[in-house]
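Working notes for the structure below.
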Amino acid sequence: MISIVLMVITALFFPGVIVKSKAKFSGRKGPGIFQPWFDIARLLRKGNVFSNASSYVFQISSSVYLAAVFTALLFIPFENLGPLISFTGDFVLFAYLMALGRFIIVASALDVSSGFEGMGANREVLYGLLVEPAFFILIGSLAMFTGHASFASIFQGLHYTSYFSAVIGVLAAFTFSQITLVESSRLPVDDPLTHLELTMVHEVMVLDHSGFDLGIIKVANNLKFAIYGMLSANCLIPHELDFWVRIVIYFVLQVGLAVAIGFIESFRARNKMAMNPQYILSISAIATILIFVVIIINNNL
Amino acid sequence: MHAILFKVAFVLSLGIFFVPKSWKQFFAFAVSLLLGITSVVWAVNVLMSGQTMVIDLGIPFWKENPALTIDSLSAFFILLIDFICLTGLLYGWGYLKPYFEKKSAITLSLHLFSFIWLHASMLQVVTMRHGISFLISWEMMSLSSFLLVIFEGEKEATLKTGINYLIQMHVGFFLILGGFLTVFHATGELTFDALAGYFSNHNNFWLFLLFFMGFGIKAGFVPMHSWLPHAHTAAPSHVSGVMSGIMIKMGIYGIIRVLFQVQADVYGIGLFLTVIAIITAITGILYAIFQHDIKKILAYSSIENIGITGIGLGAFMLGKHLNKPELMTLGIAGALFHTMNHALYKSMLFYSAGNIYYATHTRDQNLLGGLIKKMPFTGMSFLVGSIAICAIPPFNGFISEFLIYSGTFQTIGKASFSESLISIGIILCLVLIGGLSVYAFSKAFGLTFLGSRRFPENSKTETEVPLLMRISSYVIITAMMLVAIFPYFFLQVVAKAVAVVPDSRIAPILAENSHALQTIGHVNLILISVFALIYSLRSLRKNKIDIQFKPTWGCGYSAGDFRHQYTSTSFNDSLRQLADGVLMIERKLEPLTEVEIFPAQRSFSTETKDLIEEKVVLKPVNRLIKELPKAGWAQTGYIHHYLLYPLVFLLIIGLLTFLNVF
């Protein structure tokens with residue numbers, strides 16, 4: 001339960017911190033931390049404009065997306081404090097729930113008969129195809145390291161006996177945060193603030209979503225940040241510490257991640273679209289290094 | 001008692017030729033239902049009691065009495081065969097309606113007769129253990145499916161495809177025959193059970209390879225898959241549904257029977273099977289993405305799913321060798337579970353593709369689009385099938401892939417170097433296959449059913465198909481939902497089938513993992529209820545707020561039409577740039593010249609050829625066709641020469657005998 005509370009709190013401030021830090025880096029004052037949520041609240045009250053070409057798939061898409069992300073949220077533990085749902089191999093279900101979200105948003109994008117959204121849908125399935133292996137290699141190497149096969153037991157068993165094994169935690173956290181960038185469509189893979197439809201990935205797919213639909217898609221995106229943020233934090237925080245200390249470290253890490261995203265988005269440009277597949281594949285490559293680190297540490301070679 | 005019913009069904013099937021035209025469908029369904037009920041009773045009995053049942057058919061034939069031997073593995077397959085054949089025939093009832101005006105009574109009778117015989121012969125294939133009767137049933141299956149494929153034989157292409165199918169099936173037949181004869185030569189027995197005796201004191205790999213090639217042609221393992229996309233496209237949709245849903249699984253059944261007997265060389269066989277299966281799955285789904293014809297997409301995706309089943313079987317063998325009971329148990333359980341899942345959603349997807357063809361008379365994605373607005377129910381079943389086939393919850397496809405994943409993830413911890421590499425390899429391939437199938441099916445569903453209709457001038461009369469053609473899909477969706485919500489129950493059925501393997505480690509592992517499956521069932525329910533909650537919240541606001549329908553956003557340009565949408569070719573393009581090396585895509589485009597200031601109208605077309613078919617099948621065959629006439633020099637046309645040939649032959653034989661060469 002505690003993990004869900006933590007993630008919901010994170011989802012509340014995470015997007016705001018990104019926006020705030022971007023504003024600070026560019027020398028502006030910036031909106032308040034909760035402004036993104038006020039925007040969502042406004043969207044939820046607004047009316048809808050639907051495309052003439054759309055069908056019932058478009059109508060259900062946003063609800064399916066939020067339902068999938070919300071259900072995936074129930075699987076994430078906070079360290080050794082178990083999640084609501086846990087069983088052997090639960091991360092497979094987690095990954096496929098994320099795939100459900102991707103599938104339905106892609107379908108809704110294709111539903112409005114737009115060239116832009118077809119382009120976004122096409123990129124999204126390609127990037128999804130490329131980023132999923134990274135997640136599974138990462139989880140696979142953690143399973144190899146701990147000898148367990150569920151989120152809860154993996155993070156419970158993630159003890160670093162030496163400085164060498166702490167490398168695993170750092171590498172894993174880094175890979176998770178890279179996956180966050182791809183899954184949440186941030187720089188350098190995708191630029192959420194771009195004003196050119198031709199260069200968008202996620203944003204272009206929801207161009208024709210409006211009002212309530214757009215609002216809950218944004219809610220789901222914020223929850224996604226929190227989910228991957230929690231996964232990264234779980235790789236880093238040592239178990240031995242006091243509960244409250246760990247909570248503090250958790251929030252420091254989340255704010256740090258948000259500021260880091262803001263930093264990246266302030267100081268670097270988006271990749272060329274043709275570069276993106278290579279960039280995403282490099283995440284899998286880093287995850288593969290992790291496998292070999294684990295094999296060496298486990299003395300299996 | 002029941003054996004008589006089984007035989008009566010065979011005799012009754014002849015009656016189809018004498019029934020009036022309007023009653024033929026009903027009669028065929030009744031006969032199939034008789035076969036179905038009889039065999040389901042047997043299967044349920046076997047599954048409940050756990051004991052093997054032997055039913056003597058009482059027809060003495062060539063030194064043996066053909067008997068139906070039903071163990072729990074056969075029973076599992078019997079249930080699948082009956083379910084798919086009956087829903088297929090029900091769908092065909094509606095699908096064939098327009099053909100009843102065009103086709104002669106004898107053609108239709110032959111078609112329905114073959115359908116019943118396909119049903120009956122598959123039941124025999126999974127129950128007959130004696131080599132000769134098994135091979136006869138196998139041949140019956142190939143012949144009846146051949147007749148079903150060439151239903152529209154007046155088209156030359158269909159007939160050619162049918163003959164291609166027939167030839168490839170016979171190559172497979174002779175390979176299996178060769179396998180049985182090898183066993184017969186060594187042990188003096190001609191049954192599946194004699195395989196164990198052969199395997200215990202001979203090299204296991206080569207005989208397995210012989211059987212694998214024979215059964216693999218039917219199943220569609222790469223590189224023996226080339227008949228599959230052609231035959232499934234040429235056959236009418238209810239036939240493709242049944243062929244892809246269950247007939248190709250007979251190959252899997254044969255491989256499982258052989259695998260269960262293997263004694264030694266387990267590692268080599270397991271590795272071989274896994275590698276071939278991975279190649280099959282990735283090739284299948286990659287080619288599926290690059291097709292424009294909906295039925296071809298589905299056919300290539302069947303190859304992919306055969307590959308996933310094969311990965312499960314490979315994991316079973318590898319786990320057996322490495323002494324990893326989790327990998328072994330969940331591998332075989334996953335393979336059998338996947339056989340069931342794929343039978344369900346793939347037959348339904350083929351029926352939906354049939355509905356599209358029925359309504360629009362085309363299967364080309366580049367001519368379709370926006371069908372969901374005219375055919376909401378067909379669209380819904382295709383959407384459900386697409387989500388299920390990508391192994392995405394909350395449908396049944398996830399359960400079987402989860403079992404295989406879970407087996408590998410439980411093995412990976414504290415494993416040795418090679419074991420970790422094998423596990424991570426299997427996981428990586430499954431993930432890649434999963435990602436590619438999302439690509440393939442978001443395209444298959446999205447470009448056919450969503451967006452706006454391409455070339456709307458052709459689409460004036462398109463409407464949803466009649467209820468008779470949709471019932472089968474509803475029945476299958478219900479079954480899929482049952483599997484998704486109560487996976488534990490179905491795991492128990494699969495566990496009964498797996499119990500054929502005499503290994504005491506299997507049952508406890510399945511019991512351990514049943515908790516996971518129960519939880520997945522609950523998660524599926526949670527997912528559906530969360531969705532229902534959000535959606536009803538959304539609906540509640542509907543009458544309070546302002547809802548408008550406007551043109552799609554196009555940077556302010558609102559006169560866009562269907563040409564703005566992505567096409568099948570453009571949707572593929574990003575992947576084509578990455579995977580160009582392993583594909584054979586012909587792009588026909590006349591490039592612009594520098595002097596051309598006002599370009600004239602041009603056409604652009606792409607065609608994806610099956611690289612493996614071209615290199616493995618067509619190239620050697622074409623070479624053979626070119627070289628064989630050279631042997632014609634011996635055909636001089638003079639009778640003297642023809643008399644000389646046997647004389648020379650006899651002389652050589654005599655000489656060799658004299659010299660004691662033999």
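By convention in this document, chain letters (A, B, ...) are assigned in the order of the sequence lines, proteins followed by strands, and residues within each chain are numbered from 1.
With a threshold of 4.5 angstrom between heavy atoms, B:Leu432 approaches chain A through its backbone and through its side chain. Residue B:Leu533 does not touch chain A at all, counting heavy-atom pairs closer than 4.5 Å. Looking at B:Glu401, the atoms closer than 4.5 Å to chain A (heavy atoms on both sides) all sit in the side chain, from C-beta outward. Looking at A:Ile85, only its side chain comes within 4.5 Å of chain B, counting heavy atoms on both sides. Proximity to chain B (any heavy atom under 4.5 Å) is restricted, for A:Thr71, to the side chain, taken from C-beta onward. In this structure, the portion of A:Asp208 lying under 4.5 Å from any heavy atom of chain B is its side chain and not its backbone. Using a 4.5 Å cut-off between heavy atoms, A:Leu126 contacts chain B through both its backbone and its side chain. For a residue to count as touching a neighbouring chain, one of its non-hydrogen atoms must lie under 4.5 Å from one of that chain's; by this rule A:Tyr65 does not touch chain B. Of the two parts of A:Glu124, neither the backbone nor the side chain holds a non-hydrogen atom closer than 4.5 Å to a non-hydrogen atom of chain B. Using a 4.5 Å cut-off between heavy atoms, B:Leu436 touches chain A through backbone and side chain atoms alike. Neither the backbone nor the side chain of A:Ala109 has a heavy atom closer than 4.5 Å to any heavy atom of chain B. Only the side chain of A:Pro277 has a heavy atom closer than 4.5 Å to any heavy atom of chain B. For a residue to count as touching a neighbouring chain, one of its non-hydrogen atoms must lie under 4.5 Å from one of that chain's; by this rule A:Met119 touches chain B with backbone and side chain alike. Using a 4.5 Å cut-off between heavy atoms, A:Val106 touches chain B through its side chain atoms alone. For a residue to count as touching a neighbouring chain, one of its non-hydrogen atoms must lie under 4.5 Å from one of that chain's; by this rule A:Phe75 touches chain B with the side chain only. Heavy atoms of A:Ser62 lying under 4.5 Å from chain B belong exclusively to its side chain.
Note on A:Asp213, A:Leu74, A:Asp90: by heavy-atom pairs under 4.5 Å with chain B, the leading option is A:Asp213. Comparing B:Gln410, B:Arg541, B:Met380 by how many heavy-atom pairs each has under 4.5 Å with chain A, the most go to B:Arg541. Between chain A and the residues B:Ser442, B:Ser406, B:Gly446, the largest count of heavy-atom pairs under 4.5 Å involves B:Ser442. Of the listed residues (B:Gly435, B:Ser386, B:Gly369), the greatest number of heavy-atom pairs within a distance under 4.5 Å of chain A belongs to B:Gly435. The residue among B:Cys555, B:Gly370, B:Gly434, B:Gly554 with the most heavy atom pairs within less than 4.5 Å of chain A is B:Cys555. Taking A:Ser210, A:Ser284, A:Ser150, A:Gly140 one by one and counting their heavy-atom pairs under 4.5 Å with chain B, the maximum is reached by A:Gly140. Chosen from A:Ser63, A:Ala274, A:Gly211, A:Gly47, the residue pairing most often with chain B at heavy-atom distances under 4.5 Å is A:Ser63. Counting heavy-atom pairs under 4.5 Å between each of A:Ile291, A:Val131, A:Val49, A:Leu100 and chain B puts A:Leu100 at the top.
Heavy atoms of other residues, nucleotides or ligands lying less than 6.0 angstrom from NZ of B:Lys373 number more than 12. At most 12 heavy atoms of other shown residues, nucleotides or ligands fall within 6.0 angstrom of atom OH in B:Tyr488. The neighbour count for A:Lys218 NZ, taken as heavy atoms of other residues, nucleotides or ligands under 6.0 Å away, does not exceed 12.
Between the side chain of A:Tyr56 and the backbone N or O of B:Pro376 there is at least one donor-acceptor pair closer than 3.5 Å. Counting only distance, with no hydrogens or angles, the side chain of B:Thr552 and the backbone of A:Val112 share a donor-acceptor pair below 3.5 Å. Between the A:Arg123 side chain and the B:Ser574 main chain, no donor and acceptor come within less than 3.5 Å of each other. The backbone N or O of A:Asn122 sits nowhere less than 3.5 Å from a side-chain atom of B:Lys443 that would complete a donor-acceptor pair.
Nearest approach of B:Pro393 to A:Leu93, heavy atoms of both residues: CG-CD1, 3.6 Å. Heavy-atom minimum distance, B:Ile534 versus A:Ala67: CD1-N, 3.8 Å. Closest heavy-atom contact between A:Ser55 and B:Leu450: OG-CD2, 3.9 Å. The minimum heavy-atom distance between B:Phe445 and A:Ala107, with the atom names listed, is CE2-CB, 4.5 Å. Minimum heavy-atom separation, A:Tyr96 to B:Leu430: OH-O, 4.2 Å. Pairing each heavy atom of B:Val431 with each of A:Pro133, the nearest pair is CG1-N, 3.5 Å.
Between B:Phe409 and A:Thr88, the closest side-chain pair of non-hydrogen atoms is not below 4.5 Å. The shortest distance between side-chain heavy atoms of B:Phe531 and A:Ile60 falls below 4.5 Å. Side chains of A:Leu110 and B:Phe449 form no contact here, defined as non-hydrogen atoms less than 4.5 Å apart. Counting heavy atoms from C-beta outward, A:Phe136 and B:Tyr405 have side chains that approach closer than 4.5 Å. With contacts defined as side-chain heavy-atom distances shorter than 4.5 Å, the pair A:Ile139/B:Ile427 does not qualify. Taking 4.5 Å as the limit, some side-chain heavy atom of A:Gln59 sits within range of a side-chain heavy atom of B:Tyr535. With a 4.5 Å cut-off on side-chain heavy atoms, B:Phe441 and A:Val125 do not count as touching.
A distance of 10.0 Å separates CG in A:Leu66 from CG in B:Leu537, rounded to the nearest 0.5 Å. Here the straight-line distance linking atom CG of B:Leu578 with atom CD of A:Gln278 works out to 9.0 Å at 0.5 Å rounding. Residue B:Ile424 holds its CD1 atom at 8.0 Å from CD1 of A:Ile295, rounded to the nearest 0.5 Å. A distance of 9.0 Å separates OG of A:Ser114 from CD of B:Gln565, quoted to the nearest 0.5 Å. The CD1 atom of A:Ile104 sits 5.0 Å away from the CD1 atom of B:Ile387 when rounded to the nearest 0.5 Å. Distance check: B:His564 NE2 to A:Glu117 CD gives 13.5 Å after rounding to the nearest 0.5 Å.
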- Task: Might you work through the side chain to side chain contact (heavy atoms under 4.5 Å, CB included) test for B:Leu383 and A:Phe103, ending with a clear yes or no?
- Result: CA-CA 10 Å; B:Leu383 175 63; A:Phe103 188 98; 3.9 Å; yes
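Near-neighbour residues of residues 513-523 of chain B relative to chain A, defined by a heavy atom under 4.5 Å from a heavy atom of that chain, comprise B:His515, B:Ala516, B:Thr519, B:Ile520, B:Val523.
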